[in-house]
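Taking it in order: structure first as structure tokens, then the write-up.
Model, not experiment: these values are computed from the prediction.
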Amino acid sequence: MTKIDNKEIVESLIKTFLDAGKISLEIRKKGLIKEIKPDNTPVSNGDLKVNEIITKEILKLTPNIPIISEETSDNKSIKDLKDFWLIDPIDGTYDYINNLEEFTINAGLIINKKPVAGLIHAPAKKRMFYSYGKKQSYEIINGKSIKLDSSKNFDKNNIKFVCYSDKIKPEISKIYKKFNVKKYVRMKSSIKFCVIAAGEYDGYVAEPRACEWDIAAGHAILENAGGSVTDFDGNEIEYGKKDFKNPSIILKRGKNF
């Protein structure tokens with residue numbers, strides 16, 4: 001594949017993500033048109049509009065890289081994908097359609113089956129995160145890009161995790177004990193990766209669930225901020241798997257705790 005400039009591409013997409021976020025909120029304010037997909041999950045006209053906006057811009061910037069989106073069937077049948085985009089136009093659709101805040105717009109760039117760059121925008125929370133390489137993860141705060149270092153100010157005596165459910169399963173509870181987790185807070189969507197990358201929380205654990213487009217952008221942002229993303233056995237997570245299903249996952253803000 002022709003070498004691409006991850007920094008240039010990601011920075012070129014920031015305005016598109018911010019604009020898509022505004023449009024997602026405008027569409028919601030007017031009233032969403034909702035339906036249930038074959039997998040029994042909800043989708044709205046807001047999801048589809050955001051998908052259209054970001055895929056159009058990504059295609060302009062990287063016309064030779066396939067795009068895999070949750071909301072379309074395009075390119076999902078390609079075998080042995082190595083270099084591709086993973087897009088989840090609205091992660092946290094339940095929050096989106098119920099006028100809540102924890103939903104995000106996501107795109108992750110996969111090169112040789114590994115996430116190298118990503119963008120996550122949480123429009124209702126007014127938070128925009130992006131990354132384009134090692135030690136190059138940022139949050140835009142008051143119009144300025146602030147570099148993220150998730151390993152800073154780590155307090156091993158007050159470890160806080162985020163979780164996707166208040167009902168903690170026994171297997172996850174064992175991992176919490178291993179890491180001496182003192183507190184956990186329920187949080188939805190890929191914003192979990194971002195708050196860990198920002199050092200606001202220390203980790204996250206989940207058994208196999210969801211799909212690659214749910215985690216690719218966050219994986220890049222957290223890992224490039226100094227954190228780690230592995231399965232329960234400590235293995236690296238690769239992308240382009242059959243049916244794009246995720247394995248178990250452990251996020252940590254630092255690699256050595």
Side-chain angles (χ1 to χ4, degrees), residues 10 88 91-92 101-102 104 106 108-109 114-122 125-141 144-166 168-169 171-210 212 214-239 246-257:
V10 168
D88 191 350
D91 182 31
E101 291 189 343
E102 286 178 357
T104 54
N106 307 260
L109 177 60
K114 304 269 181 76
V116 298
L119 302 99
I120 294 178
H121 180 33
K125 288 185 169 293
K126 298 186 169 85
R127 299 190 76 172
M128 175 77 216
F129 299 85
Y130 67 94
S131 177
Y132 51 78
K134 295 296 180 187
K135 298 184 179 180
Q136 302 296 331
S137 287
Y138 300 88
E139 180 178 6
I140 297 176
I141 300 174
K144 294 182 179 180
S145 292
I146 306 301
K147 185 177 279 193
L148 302 177
D149 181 351
S150 62
S151 65
K152 289 172 66 176
N153 304 318
F154 175 61
D155 181 359
K156 66 180 181 179
N157 296 313
N158 187 31
I159 295 175
K160 301 180 295 181
F161 271 39
V162 287
C163 58
Y164 69 84
S165 172
D166 291 328
I168 305 301
K169 296 182 179 180
E171 187 176 13
I172 293 176
S173 182
K174 285 180 184 177
I175 296 171
Y176 280 9
K177 287 179 183 177
K178 176 184 174 183
F179 292 133
N180 195 30
V181 175
K182 300 293 188 184
K183 180 181 178 182
Y184 54 87
V185 176
R186 187 182 180 196
M187 196 172 292
K188 297 181 180 179
S189 82
S190 62
I191 194 71
K192 294 188 287 286
F193 289 79
C194 300
V195 295
I196 297 168
E200 296 163 20
Y201 290 86
D202 302 308
Y204 169 69
V205 181
E207 76 279 10
R209 62 186 297 272
E212 292 181 359
D214 295 296
I215 70 168
H219 186 160
I221 290 167
L222 175 56
E223 197 165 74
N224 289 337
S228 70
V229 181
T230 68
D231 67 14
F232 283 4
D233 296 318
N235 301 310
E236 287 188 28
I237 293 172
E238 292 194 338
Y239 291 78
N246 289 333
S248 58
I249 190 169
I250 296 178
L251 312 184
K252 295 190 290 185
R253 62 179 285 188
K255 293 180 176 164
N256 299 309
F257 90 84

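In this structure the side chain of Thr230 reaches within 4.5 angstrom of the side chain of Ile250, judged on heavy atoms. Two residues are said to be in side-chain contact when any heavy atoms from C-beta on lie closer than 4.5 Å; Val181 and Lys160 fail this criterion. Looking at heavy atoms from C-beta onward, Met128 lies in side-chain contact with Leu119 at the 4.5 angstrom threshold.
For Arg253 and Phe154, the positive end is not near the middle of the six-membered ring at less than 6.0 Å and at most 45° from its axis.
Atom OH of residue Tyr184 and atom OG of residue Ser173 lie 7.5 Å apart, to the nearest 0.5 angstrom. With values rounded to the nearest 0.5 angstrom, Glu236 atom CD is found 10.0 Å from Ser228 atom OG. Rounding to the nearest 0.5 angstrom, the gap separating the CD atom in Glu223 from the NZ atom in Lys114 is 8.5 Å. Note that CG of Leu251 and CD1 of Ile196 are 4.5 Å apart. Values are rounded to the nearest 0.5 Å. The distance from the CG atom of Asp91 to the NZ atom of Lys192 is 7.0 Å, given to the nearest 0.5 Å. The structure places SG of Cys163 at 9.0 Å from CE of Met187, a figure rounded to the nearest 0.5 Å.
Proximity of a side-chain donor or acceptor of Ser150 to a complementary backbone N or O of Gly227 within less than 3.5 Å is detected.
The salt bridge (Lys or Arg N to Asp or Glu O under 4.0 Å) test with Glu139 is passed by exactly one of Lys147, Lys126, Arg127, Lys144: Arg127.
Other residues, nucleotides and ligands contribute over 12 non-hydrogen atoms within 6.0 Å of the CD atom of Glu200.
Pairing each heavy atom of Ile172 with each of Ala206, the nearest pair is CD1-CA, 4.2 Å. Minimum heavy-atom separation, Ile159 to Asp202: CA-OD2, 3.2 Å. Considering all non-hydrogen atoms of both residues, Phe161 and Phe179 come closest at CZ-CD1, 4.0 Å. Here the closest non-hydrogen pair linking Ala122 and Ile191 is CB-CD1, 3.9 Å. Nearest heavy atom pair, residue Ala117 against residue Val10, reads CB-CG2, 3.8 Å. The shortest heavy-atom contact between Pro115 and Ala216 is CB-O, 3.8 Å.
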Just do the side-chain hydrogen bond (donor to acceptor under 3.5 Å, both in side chains) check on Asp231 and Ser248 with the steps written out, would you? CA-CA 5 Å; Asp231 67 14; Ser248 58; 5.0 Å; no
Applying side-chain contact (heavy atoms from CB on, under 4.5 Å) to Tyr164 and Tyr204, what does each step give before you reach the verdict? CA-CA 9 Å; Tyr164 69 84; Tyr204 169 69; 3.3 Å; yes
side-chain contact (heavy atoms from CB on, under 4.5 Å), that's the test. Do Ile249 and Val205 meet it? Break it down for me. CA-CA 6 Å; Ile249 190 169; Val205 181; over 6 Å; no
Could you walk me through whether Tyr239 and His219 pass the ring-ring contact (aromatic ring centres under 6.0 Å, His included) check? CA-CA 11 Å; Tyr239 291 78; His219 186 160; 5.6 Å; yes
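With sequence neighbours excluded, the residues forming a ring-ring contact (aromatic ring centres under 6.0 Å, His included) with Tyr130 are Tyr138, listed by chain and number. In this view, Lys169 and Glu207 satisfy the salt bridge (Lys or Arg N to Asp or Glu O under 4.0 Å) rule, not counting sequence neighbours. Remark: Ala197 engages Leu148, Ile221, Leu222, Ala225 in a side chain to side chain contact (heavy atoms under 4.5 Å, CB included) (not counting sequence neighbours).
Side chains of Asn224 and Ser131: a donor on one and an acceptor on the other come within 3.5 Å. Side-chain atoms of Asn106 and Ser190 form a donor-acceptor pair, as typed in the model, at a separation below 3.5 Å.
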